[in-house]
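Let me begin by presenting the structure, written as structure tokens, before commenting on it.
Starting from 1, each residue takes its place in the sequence as its number. FYI, side chains are in, hydrogens and waters are out, and symmetry mates aren't considered; it's all heavy atoms of this structure.
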Amino acid sequence: MNDEKAVKRQRFFDQIAIMFGREPKRPTAITERAQKVHELKRMANKVEVRAAIMAAHEKPHGHTWRNRRWAVLVAANLLFAVSFGFDIQILEGALTASRFIGFHMIDLNSALQVMLAHKHIIVNLVIGTLTIMALWMLLGGRTFCSWVCPYHLLAEWAEKLHLWMASKKLVSDQAMSRGLRTYFWVVFALAALSTGYTVFEAISPTGILSRALIYGPGLALLWVFALLLFEVAISRRAWCRYACPIGLTYGVVGILSPVRIKYTLDGCFHEGDCKKVCLVPHVLETVIKGRAVDTEVSLGPDCTRCGLCVDVCPTGSLNFDIKGLSKLL
């Protein structure tokens with residue numbers, strides 16, 4: 001039992017380090033039951049395994065979670081526009097700072113930027129921040145990225161264009177260090193502290209798109225277009241993977257979230273379909289053959305809970321899970 005606790009503790013800290021930019025490594029500690037499963041997989045007949053993989057892929061996968069996510073994202077952002085356009089005062093403001101039926105809410109990264117810039121704690125910000133923090137601690141912080149952020153949706157479509165162009169050998173993906181995101185987080189925090197201005201908010205594509213949808217387009221959309229063009233032509237998902245401090249902030253908030261995607265080792269064929277569609281594929285290092293530290297492993301806090309891996313997995317080895325509740329349902 002102590003060995004299992006040590007494995008889980010090491011896995012927990014590894015996932016946090018990976019979120020901050022460290023590359024995934026082969027685990028040094030694996031539970032005994034997982035070792036047995038790995039050994040059985042190594043002994044399996046390769047011809048039979050290939051046949052099982054082909055059989056699993058005969059049934060086409062759906063887009064259940066993707067469609068749900070797109071619907072929620074579009075509805076959440078349109079509610080801002082509808083509330084402003086018809087002056088019904090349900091959801092006022094924008095994603096960076098808003099008021100829902102009179103109750104203040106503020107994006108966590110924006111609140112941090114404002115407090116650093118003003119160098120003191122603002123009461124209304126604290127109230128709105130605690131509400132949002134509680135929500136995303138429950139749902140998993142980076143769920144905001146894939147289920148609410150409007151730039152995420154555009155970047156997802158841009159990625160499809162990038163992949164099509166790459167298949168035609170028109171572009172190639174230039175990977176960068178994920179540690180850059182941590183660096184940018186520190187840089188923007190120091191910029192707010194030293195200048196007294198929320199520097200990041202001026203270039204945040206999330207805020208720019210949210211305000212453009214509600215109040216009308218402006219020149220700032222040229223910056224968003226430039227980011228998307230860079231992602232299509234040079235580096236897929238570059239902003240979300242390597243630069244955006246919002247994603248890191250929400251990742252930290254969701255470290256202990258009960259809502260997660262759980263990987264089950266036993267039925268997995270390790271064919272890699274999930275990693276091909278994942279928006280943050282480093283969280284899926286556990287699906288690589290021999291890497292799972294236990295027979296059931298929760299993906300790390302950098303997972304956006306987008307559900308693409310759940311939709312595409314041919315064996316159902318990846319599923320949404322609520323810690324402490326799923327087994328009771």
Side-chain angles (χ1 to χ4, degrees), residues 15-22 69 73 76-77 94-97 106-114 116-117 129 132-133 136 139-159 162 173-192 197-213 220-255 278-283 300-306 308:
Q15 289 178 332
I16 294 176
I18 289 170
M19 178 179 66
F20 280 100
R22 199 200 76 187
R69 177 168 53 85
L73 192 153
N77 284 276
L95 277 179
T96 49
I106 185 167
D107 165 69
L108 299 179
N109 197 74
S110 298
L112 178 64
Q113 291 280 314
V114 170
L116 287 172
T129 301
I132 294 299
M133 183 178 291
W136 295 117
L139 297 178
R142 289 215 64 193
T143 303
F144 168 85
C145 300
S146 62
W147 288 76
V148 178
C149 176
Y151 182 79
H152 191 283
L153 181 59
L154 294 183
E156 195 172 343
W157 293 341
E159 183 177 30
H162 171 93
D173 184 40
Q174 302 298 315
M176 293 180 277
S177 170
R178 291 186 299 100
L180 284 171
R181 188 177 59 172
T182 303
Y183 171 79
F184 280 124
W185 192 98
V186 173
V187 166
F188 284 121
L190 291 176
Y197 294 97
T198 54
V199 179
F200 174 71
E201 295 307 314
I203 67 167
S204 169
T206 302
I208 291 171
L209 284 170
S210 180
R211 292 187 292 271
L213 180 65
L221 285 178
L222 293 175
W223 163 242
V224 177
F225 177 77
L227 284 176
L228 292 170
L229 186 61
F230 181 84
E231 294 184 357
V232 169
I234 299 175
S235 182
R236 61 191 283 201
R237 307 289 303 183
W239 177 259
C240 299
R241 289 182 181 178
Y242 310 121
C244 183
I246 296 175
L248 184 58
T249 299
Y250 279 105
V252 171
V253 168
I255 285 175
C278 184
L279 307 177
V280 281
H282 54 276
V283 303
D302 214 23
C303 172
T304 67
R305 282 84 167 167
C306 69
L308 289 177

Residues two or more places apart in sequence or in another chain: which of them pass salt bridge (charged side-chain N to carboxylate O under 4.0 Å, His left out) with R178?
-> E23

Taking ring-ring contact (aromatic ring centres under 6.0 Å, His included) as the test, write out the residues that go with W223, two or more places apart.
-> none

Salt bridge (charged side-chain N to carboxylate O under 4.0 Å, His left out) contacts touching residues 242-255 (sequence neighbours left out) = none

For L227 and P205, work out which heavy atoms get closest and say how close.
-> CD1-CG, 3.9 Å

Residues in side-chain hydrogen bond (donor to acceptor under 3.5 Å, both in side chains) contact with R237, at least two apart in sequence or another chain | H152

Could you grab the distance from atom CG of L180 to atom OH of Y183, nearest 0.5 Å is fine?
-> 9.0 Å

Qualifying residues under side-chain contact (heavy atoms from CB on, under 4.5 Å), relative to I234, sequence neighbours excluded = Q174, F230

Approximate separation, where rounding is to 0.5 Å, of E231 CD and D173 CG = 10.0 Å

Return the set of residues passing side-chain contact (heavy atoms from CB on, under 4.5 Å) with A111 (not counting sequence neighbours), or none when no residue passes.
-> I106, T129

Can you sort out the partners of V252 under side-chain contact (heavy atoms from CB on, under 4.5 Å), two or more places apart, ordered by chain and number?
-> M19, F20, I255

Look at the side chain of S146 and the backbone N and O of T304, then say whether any donor-acceptor pair between them is shorter than 3.5 Å.
-> yes

Check the pair Y151 / C240 against side chain to side chain contact (heavy atoms under 4.5 Å, CB included), numbers first and verdict last.
-> CA-CA 9 Å; Y151 182 79; C240 299; 4.2 Å; yes

Name of the residue among T206, T96, T249, T198 meeting side chain to side chain donor-acceptor pair (under 3.5 Å) with N109 = T249

On a heavy-atom basis, the closest approach of V199 and A191 is CG2-CB, 3.9 Å

Test side chain to side chain contact (heavy atoms under 4.5 Å, CB included) on D302 and I18 and set out the steps.
-> CA-CA 8 Å; D302 214 23; I18 289 170; 6.0 Å; no

Rounded to the nearest 0.5 angstrom, the CD1-CG distance for I208 and L222 is 10.0 Å

Does some side-chain heavy atom of P301 sit less than 4.5 Å from a side-chain heavy atom of R142?
-> no

When every non-hydrogen atom of C303 is compared with those of V280, the smallest separation belongs to CA-CG2, 4.2 Å

In Å, rounded to the nearest 0.5 Å, how long is the span from CD of E156 to CG of L279?
-> 5.5 Å

Answer whether the closest heavy-atom distance between the side chains of I246 and F200 falls below 4.5 Å.
-> yes

Would you find a donor on one side and an acceptor on the other, under 3.5 Å apart, between the side chain of R69 and the backbone of C306?
-> yes

Nearest heavy-atom approach of L73 to P150 is CD2-CA, 4.1 Å

In short, side chain to side chain donor-acceptor pair (under 3.5 Å) pairs touching residues 238-248 with sequence neighbours left out are none

Residues which pass salt bridge (charged side-chain N to carboxylate O under 4.0 Å, His left out) with R305, listed by chain and number, not counting sequence neighbours = none

Listed by chain and number, what are the side-chain contact (heavy atoms from CB on, under 4.5 Å) partners of A189, not counting sequence neighbours?
-> L116, W185

Can you name the residues that form a ring-ring contact (aromatic ring centres under 6.0 Å, His included) with F144, not counting sequence neighbours?
-> W136, Y250

Mind checking what makes side-chain hydrogen bond (donor to acceptor under 3.5 Å, both in side chains) contact with S110, not counting sequence neighbours?
-> D107, E201

Rounded distance [0.5 Å steps], CD in E159 versus OG in S235 | 10.0 Å

